[in-house]
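Below, chain A is the first sequence line, B the second, and so on; all start at residue 1.
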Amino acid sequence: MSKIIEAEDLTKIYAGNLTAVDHVSFSVDEGTLFGFLGPNGAGKTTTIKMLTTLASITSGKASVAYHDCAKEPNEVRKSIGIVPQDLAVDDDLTGIENVMLAAKLYRVPESIARKRAEELINLVDLKDASKRLVATYSGGMRKRLELIVGLIHQPRIFFLDEPTLGLDIQTRAVIWDYIKRLNKEHNLTIFMTTHYLEEADSLCDSVAIIDHGKIRISGSPSELKEKVGGDVLEIDVTNGASLTEFFRSIQGVKEVKQTGSKYRIKIPRAEEALPTIFEGISAKGLKIREVSLNKPTLDEVFLEVTGRSLRDEPSGAEDSFQRMITSRRRL
Amino acid sequence: MIAETWALTVRELKKWVRTPALVFIGIFQPIIWIALFGSAFNPSNLVPSSFGAVQPPPEQLNQIRQSILTQTFGGAPTYITYLTGGMLGVLLLFTSAFSGGSLVWDRRFGFLNKLLASPIPRSAIFFSRVLASVIKGLSQSVLVFFIAILVPNGLRLSPEFSMIDFIAVFFTLFLVAIGFSSLFTAMAVRVKKWETLIAVVNLLNLPLLFASSALLPISSMPDWLQGVAKVNPISVGADVSRTLIVYGSLSPPQTADVLFGMTYLLAFAALTTFIGVITSRLALKAE
Ligand SMILES: Nc1ncnc2c1ncn2[C@@H]1O[C@H](COP(=O)(O)OP(=O)(O)OP(=O)(O)O)[C@@H](O)[C@H]1O
Ligand SMILES: [Mg+2]
């Protein structure tokens with residue numbers, strides 16, 4: 001597969017010597033879903049801005065759709081669609097007018113644009129609202145509109161900065177269904193940031209975690225989960241000789257902790273090691289009282305590499321953030 | 001380039017007609033100026049009926065009063081006729097002043113970023129604001145022109161005023177509109193806050209109005225101000241439209257003056273457009 005997005009030592013230093021993105025390198029294969037994760041202020045939006053030609057590159061190189069972002073910005077622009085973090089649909093136009101304006105700016109022929117717009121509007125369930133001014137839309141409706149505005153010209157790469165923030169679960173599911181379909185049927189490449197790690201886990205072919213402007217870890221979600229130590233196996237056995245050494249001898253085991261008769265073992269792909277473990281325990285004449293297997297989530301990976309958990313953030317934070325955006329728009 | 005500019009211009013115009021208050025005020029404001037100021041301030045009434053011991057006979061007095069208009073105020077039959085020629089240009093100055101205003105909002109609300117991330121020419125963003133402002137300003141000024149005719153003792157067109165004169169007047173105003181819209185949009189592309197824009201506009205508008213022949217003839221000004229007023233495009237636009245309105249068919253020297261004025265305004269429009277294109281190239285780019 002060819003690398004449709006490539007960043008090499010990409011660096012952004014804002015005025016005042018603030019290094020927002022610090023020698024970041026990664027690549028995204030054409031037709032894949034790439035998740036860019038990181039806590040607030042990590043440099044996600046700044047990276048997207050450089051890739052989408054909205055921010056100048058301080059040093060390093062980036063190419064998008066096989067064009068250099070700094071040297072051929074217009075070629076890059078033709079190939080991309082964007083959903084910015086801060087919504088930017090026009091309040092004083094109707095939903096359909098917003099979509100058709102975008103179509104004109106990207107030179108989509110009128111008749112094709114009309115057909116596509118209708119399809120997209122139905123998809124995100126805005127049919128009834130499409131002739132209303134966006135000023136009367138709810139936060140979620142704006143977000144859905146923003147999504148289809150970014151898709152009307154059928155870009156090759158779709159940049160989504162927090163695309164599902166503030167959407168309800170059903171809408172998120174519908175939107176991801178559609179994006180996955182575009183991804184499959186039209187080979188659309190997706191670069192997205194999100195705070196929903198389960199979403200990234202289940203959707204993304206590969207992810208990178210960025211913190212303080214630096215990429216801490218990258219790979220497919222399962223690779224990352226393996227890297228942080230893999231699955232957690234907890235076994236409670238009948239009393240007898242300590243099994244710590246036995247567990248340590250099993251291939252792949254990263255860590256063993258014993259508390260009384262309970263063992264906590266970190267091992268990638270635990271299910272593959274289970275038969276060996278069970279056989280070993282019965283060979284020693286011991287019985288298993290209880291077993292539990294916990295697959296790590298991206299949350300744990302995130303916690304491990306950033307020292308912070310996205311779940312620790314106050315539960316209302318996203319809502320109030322969304323409210324802030326919406327209310328700012330209603331000035 | 002043209003398609004994108006037009007699409008963005010239509011966006012501006014939609015926003016405008018959807019705010020009827022803006023359209024209404026845009027027409028109402030110059031009408032108030034013309035009707036109230038034009039009626040309240042009648043320069044011929046400045047001549048007292050007696051000069052100390054000297055008391056000219058009434059018919060002589062009327063003659064003096066009328067000749068103030070004909071001689072000092074470029075031959076205008078009424079003061080409102082004089083004022084309208086100037087106010088149409090001032091109306092365009094006022095609408096042009098905020099031609100770039102929507103850019104400030106678009107920057108705030110992220111819409112500008114979306115435009116910048118699209119493959120449209122950067123100058124389309126600039127030209128759309130200028131064009132929208134010109135269309136708004138000219139449509140208002142055409143209305144104001146006809147309303148001024150209806151005002152009692154108002155705009156008196158020369159009996160020889162023809163369709164060609166009408167077109168020439170509005171072509172002149174078109175150049176004034178392009179010139180000022182480009183100038184103010186060029187300023188707005190760099191402005192990040194609405195307040196800054198208002199301050200800049202306030203700073204420029206009134207001096208441009210008072211140092212012009214829109215309200216009073218240049219000859220009545222002190223020498224230093226005359227120099228400024230003569231190069232002020234508002235004066236040039238006012239003088240050209242006034243000559244056309246008052247005389248209709250022009251003598252050869254008047255024709256030369258009018259053509260010179262139009263050329264001057266064309267140069268002004270070309271210069272500010274050039275400045276606008278350059279500044280938008282510089283300012284509408286990656287952070
Ligand atoms: N225009 C700017 N000028 C100066 N500093 C900026 C600018 N934009 C962002 N920064 C700084 O760069 C850093 C990275 O910001 P960025 O918006 O990329 O973070 P993010 O990862 O998108 O965060 P979030 O999850 O909150 O959206 C922050 O410290 C921020 O203050
Ligand atoms: Mg961000």
Side-chain angles (χ1 to χ4, degrees), chain A residues 12 14-15 20 45-46 48-58 69-70 72-94 97-98 100-110 133-135 146 149-150 152-153 155 159 161 325 328-329 331, chain B residues 1-23 98 101-129 131-132 136 190 192-195 198 280-287:
Chain A
K12 176 73 186 181
Y14 280 116
T45 300
T46 305
I48 288 193
K49 281 191 173 163
M50 285 191 281
L51 296 176
T52 56
T53 77
L54 287 176
S56 61
I57 294 169
T58 310
C69 294
E72 300 171 291
N74 232 35
E75 294 306 313
V76 171
R77 289 174 191 140
K78 283 180 194 162
S79 320
I80 60 173
I82 301 180
V83 174
Q85 181 168 7
D86 293 330
L87 298 185
V89 280
D90 191 333
D91 265 16
D92 303 326
L93 298 181
T94 65
E97 282 172 343
N98 266 288
M100 292 306 290
L101 174 61
K104 289 214 176 75
L105 297 180
Y106 284 88
R107 294 175 169 260
V108 183
E110 173 100 15
L133 290 184
V134 174
E146 186 84 69
V149 166
I152 188 75
H153 59 292
F159 287 91
D161 203 351
I325 296 179
R328 205 190 63 180
R329 235 140 269 279
L331 282 178
Chain B
M1 163 81 192
I2 291 171
E4 292 94 342
T5 304
W6 184 244
L8 290 173
T9 306
V10 170
R11 168 178 176 249
E12 298 290 309
L13 295 176
K14 274 183 183 159
K15 285 164 174 265
W16 181 58
V17 295
R18 279 175 195 170
T19 323
L22 284 184
V23 183
F98 289 104
S102 63
L103 266 174
V104 180
W105 289 120
D106 282 351
R107 191 186 285 280
R108 264 277 153 100
F109 286 154
F111 194 86
L112 185 63
N113 265 347
K114 283 217 307 208
L115 293 180
L116 293 178
S118 75
I120 62 166
R122 315 290 96 164
S123 47
I125 301 173
F126 167 78
F127 281 122
S128 63
R129 316 293 153 141
L131 195 57
K136 292 180 209 174
R190 328 197 106 251
K192 307 242 153 48
K193 281 168 126 182
W194 184 245
E195 291 86 343
I198 293 179
S280 50
R281 287 251 169 90
L282 293 176
L284 298 178
K285 62 161 200 246
E287 292 169 9

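No other option in A:T52, A:L105, A:N74, A:L54 has as many heavy-atom pairs under 4.5 Å with chain B as A:L54. Top candidate by heavy-atom pairs under 4.5 Å with chain B, chosen from A:K12, A:K49, A:K104, is A:K49. Chain B forms the most heavy-atom pairs under 4.5 Å with one residue out of A:I82, A:L101, A:V76, A:T53, and that residue is A:L101.
Residue A:I57 does not touch chain B at all, counting heavy-atom pairs closer than 4.5 Å. When heavy atoms are compared at a cutoff of 4.5 Å, B:L115 approaches chain A solely by way of its side chain, counted from C-beta outward.
Residues passing the ring pair (Phe, Tyr, Trp, His ring centres under 6.0 Å) test with B:W6, sequence neighbours excluded: none. Remark: B:F111 engages no residue in a ring pair (Phe, Tyr, Trp, His ring centres under 6.0 Å) (not counting sequence neighbours). Every residue was checked against the ring pair (Phe, Tyr, Trp, His ring centres under 6.0 Å) condition with B:F127, not counting sequence neighbours, and none meets it.
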Next on the checklist: I'd like to know whether A:T46 forms a side-chain contact (heavy atoms from CB on, under 4.5 Å) with A:Y14, so could you lay out the CA-CA distance, the side-chain angles of the two residues, the decisive distance to 0.1 Å, and finally the verdict.
Outcome noted: CA-CA 10 Å; A:T46 305; A:Y14 280 116; 3.4 Å; yes
Next on the checklist: For a side-chain contact (heavy atoms from CB on, under 4.5 Å) check, start with the C-alpha distance between B:K136 and B:L22, then their side-chain angles and the critical distance, and finish with the verdict.
Outcome noted: CA-CA 10 Å; B:K136 292 180 209 174; B:L22 284 184; over 6 Å; no
Item to check | Stepwise side-chain contact (heavy atoms from CB on, under 4.5 Å) check, A:D90 with A:V134 | outcome: CA-CA 7 Å; A:D90 191 333; A:V134 174; over 6 Å; no
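Using a 4.0 Å cut-off between charged nitrogen and carboxylate oxygen, B:R11 and A:E97 do not count as a salt-bridge pair.
Aromatic ring orientation, A:H153 versus A:Y106: parallel (interplanar angle below 30°, classes split at 30° and 60°).
Contact residues of residues 13-20 of chain B toward chain A are B:K14, B:K15, B:R18 (heavy-atom distance under 4.5 Å).
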